[in-house]
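Shown next, in structure tokens, is the structure this report addresses.
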Number of protein chains: 2
Amino acid sequence: MDVRTLCLAVLSKGEATGYEIKKAFEEGPFAHFQRASFGSIYPALSRLLAEGLVEAHAMEQDGRPDKKMYRLTAQGQATFHAALTVDPEPDQFRSDLLFLLFFACHLPPARAATLLDAATASYRGHVARVSGIKAEREAVSNATGQPLDPGREFVAGFGITLYQAAADYLDANRDALLADLQGHAEAAE
Amino acid sequence: MDVRTLCLAVLSKGEATGYEIKKAFEEGPFAHFQRASFGSIYPALSRLLAEGLVEAHAMEQDGRPDKKMYRLTAQGQATFHAALTVDPEPDQFRSDLLFLLFFACHLPPARAATLLDAATASYRGHVARVSGIKAEREAVSNATGQPLDPGREFVAGFGITLYQAAADYLDANRDALLADLQGHAEAAE
DNA sequence: TAATGCATGTAATCGGTTACATGATTCA
DNA sequence: TGAATCATGTAACCGATTACATGCATTA
């Protein structure tokens, strides 16, 4: 997904500034499966504005420079919906960690252990974060009676399950790998 | 991981042609967590050759044009090992499918179903393929007594577990999502 | 006082994809 | 005859990252 479409997607959930769009990919609902940087968001927004897919109005703030609030136009809505009809390319879990671990034999065992532990912690962090905001949404929904968004909850659940499985796998196989590496190193002596 | 490093990585497992390197990312051991295209592999190989990190010798073939077999030099080995000491950036399951499903409410339920089923099939295909080659390696190892590569098996196991978990999640939540969507659509009428 | 968060933007650069170009062989 | 596999490469283009540039407010 290009950043252009990603911006339309965030804005389809409500108006936002460039800065807030960035946050949606850092801590917000898209955090676990998409990413975008300032360097791509701001130019995308400018282009979208020039094309009439979004409209912007400046909001004055005391002291701070104005912030620009962006909102989808009808044309932007339509373009976004059209983007949803495109077939997705197959998913792939592109992972630098797996790349390194593939060559575990060339790694000092201590480094392998560090890598493994850091990744486990990171995955568990993901699970905790996404679970937290999902639970919060459920609490709000229960309290107010507002229905949950099925797509959003489905995607959050997917993320939780996947990162949980990843963390569990690392946990379950960590010691065996490290032992293998030790044996491998000794055999090479 | 840039394609340059990826090429060094494949060549560290034995000499190969550009074409074979491509295959390593399509069906080979790297298939489920890295990717590279011809348009990036061939230029990377040229550059690597110019820098002395790989050496090449032409292999004549009857009828067909020569193929170039590439092999790591000592310098290439060293560069590759250095690349293994770099800290990996955090993993992210970048997924177009999840992006679309996040907006499931804007999708016709039939399309959501198609998307879900295609993804499940694709994940299961991954699992079958990686399990197959893993089992084959284990059989060979049992027959010949050659030890397995711990890193390779660990990574293969990770891929199997993850894609299995993904497929299972889709299976387990498919019908509920579709029902929600139906209810949502009716409520909107 | 230093770091962090809020807030927006530009420019250089880079890496990679897509499409194109070529050409033989084998299999359906 | 047409498609797929083997086999290598180039060029245009694009999209995105990184770093840079600015500046105020708040918090430690």
Side-chain angles (χ1 to χ4, degrees), chain A residues 1-11 15-28 30 34-51 54 56-70 83 86-90 92 94 96 99, chain B residues 1-11 15-28 30 34-51 54 56-70 83 86-90 92 94 96 99:
Chain A
M1 283 300 154
D2 52 34
V3 174
R4 185 187 148 79
T5 307
L6 255 22
C7 287
L8 292 178
V10 174
L11 293 175
E15 54 173 30
T17 66
Y19 194 84
E20 286 166 351
I21 290 174
K22 175 81 205 296
K23 277 202 305 185
F25 297 105
E26 260 165 13
E27 355 172 316
F30 297 96
Q34 294 293 339
R35 189 171 302 183
S37 66
F38 283 128
S40 56
I41 290 171
Y42 285 117
L45 249 15
S46 304
R47 207 185 125 194
L48 253 14
L49 189 63
E51 289 171 351
V54 302
H57 58 109
M59 290 183 77
E60 281 175 45
Q61 298 187 115
D62 38 317
R64 289 182 189 164
D66 292 2
K67 60 179 176 182
K68 273 194 206 167
M69 198 54 92
Y70 290 91
V86 175
D87 279 325
E89 29 178 310
Q92 198 194 24
R94 285 221 206 184
D96 282 2
F99 176 79
Chain B
M1 282 300 154
D2 53 33
V3 173
R4 186 187 148 81
T5 308
L6 255 20
C7 287
L8 293 177
V10 173
L11 293 174
E15 54 173 30
T17 67
Y19 194 83
E20 287 166 351
I21 290 174
K22 175 80 204 295
K23 278 204 303 187
F25 296 103
E26 261 166 11
E27 353 172 317
F30 297 95
Q34 294 292 339
R35 188 171 301 182
S37 65
F38 283 129
S40 56
I41 291 171
Y42 285 116
L45 249 15
S46 304
R47 206 185 126 193
L48 253 13
L49 189 63
E51 289 171 353
V54 303
H57 57 109
M59 290 184 76
E60 283 175 43
Q61 298 188 115
D62 38 318
R64 290 185 187 162
D66 292 1
K67 61 178 174 181
K68 273 194 205 166
M69 198 54 93
Y70 289 91
V86 176
D87 280 325
E89 28 178 311
Q92 197 193 27
R94 285 223 206 183
D96 281 2
F99 176 79

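Just so we're on the same page: letters track the sequence lines, and every chain starts at 1. Only a predicted model underlies this, so the values are computations on that prediction, with no experimental measurement involved.
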Quiz item: Toward the 5' end of DNA chain C, which comes first, A:P43 or A:K67, by nearest nucleotide?
Solution: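 Closest to the 5' end, via its nearest nucleotide, is A:K67.
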
Which listed nucleotide ([options]) is nearest to the side chain of [X]?
X: A:Y42; options: C:dG5, C:dG9, D:dT5; answer: C:dG9
X: B:Y19; options: C:dT8, D:dT5, D:dT17; answer: D:dT5
X: A:R94; options: C:dT17, D:dG9, C:dA7; answer: C:dT17
X: A:K68; options: D:dA16, D:dC6, C:dT8; answer: C:dT8

Quiz item: Under the side chain to side chain contact (heavy atoms under 4.5 Å, CB included) criterion, do A:V54 and A:L8 qualify, and how do the steps go?
Solution: CA-CA 8 Å; A:V54 302; A:L8 292 178; 4.3 Å; yes

Quiz item: Start at the 5' end of DNA chain D and walk down; is the nucleotide closest to B:F38 or to B:E89 reached first?
Solution: B:F38

Exercise. Could you check B:T17 against A:S37 and say which one's nearest nucleotide on DNA chain D is further toward the 5' end?
Key: B:T17

Quiz prompt | Worked verdict on B:E20 versus B:M69 for side chain to side chain contact (heavy atoms under 4.5 Å, CB included) | solution = CA-CA 9 Å; B:E20 287 166 351; B:M69 198 54 93; 4.2 Å; yes

Quickly work out the [X] [atom1] to [N] [atom2] distance and round it to whole Å.
X: A:M69; N: C:dA7; atom1: CE; atom2: P; value: 9 Å
X: A:R47; N: C:dT8; atom1: CZ; atom2: P; value: 20 Å
X: B:E27; N: D:dA4; atom1: CD; atom2: P; value: 15 Å
X: B:L6; N: C:dG16; atom1: CG; atom2: C1'; value: 12 Å
X: B:I41; N: D:dA7; atom1: CD1; atom2: P; value: 14 Å
X: B:D2; N: D:dT17; atom1: CG; atom2: P; value: 16 Å
X: B:Q34; N: C:dG15; atom1: CD; atom2: P; value: 15 Å
X: A:Y70; N: C:dA7; atom1: OH; atom2: P; value: 14 Å

Quiz item: Does the side chain of B:K23 get closer than 4.0 angstrom to OP1 or OP2 of D:dA7 through an N or O atom?
Solution: no

Self-check item: D:dA7 OP1/OP2 closer than 4.0 Å to side-chain N/O of B:K22
Solution: no

Quiz item: Do other residues, nucleotides or ligands put more than 12 heavy atoms under 6.0 Å from the CD atom of B:E89?
Solution: no

Practice problem: Only one of A:V10, A:T17, A:I21, A:L6 passes side-chain contact (heavy atoms from CB on, under 4.5 Å) with A:I41; say which it is. | Solution: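 That would be A:I21; it is the only one of A:V10, A:T17, A:I21, A:L6 passing the side-chain contact (heavy atoms from CB on, under 4.5 Å) with A:I41.
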
Practice problem: With heavy atoms under 4.0 Å as the rule, sort B:G18 into base, sugar-phosphate or nothing. | Solution: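 If one applies the 4.0 Å heavy-atom cut-off, B:G18 turns out to touch the sugar-phosphate alone, with no base involved.
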
Quiz item: Contact class for A:F25 vs. all strands (heavy atom < 4.0 Å): base, sugar-phosphate, or nothing?
Solution: nothing

Quiz item: Side-chain contact, heavy-atom cut-off 4.5 Å: B:F99 with A:Q34?
Solution: yes

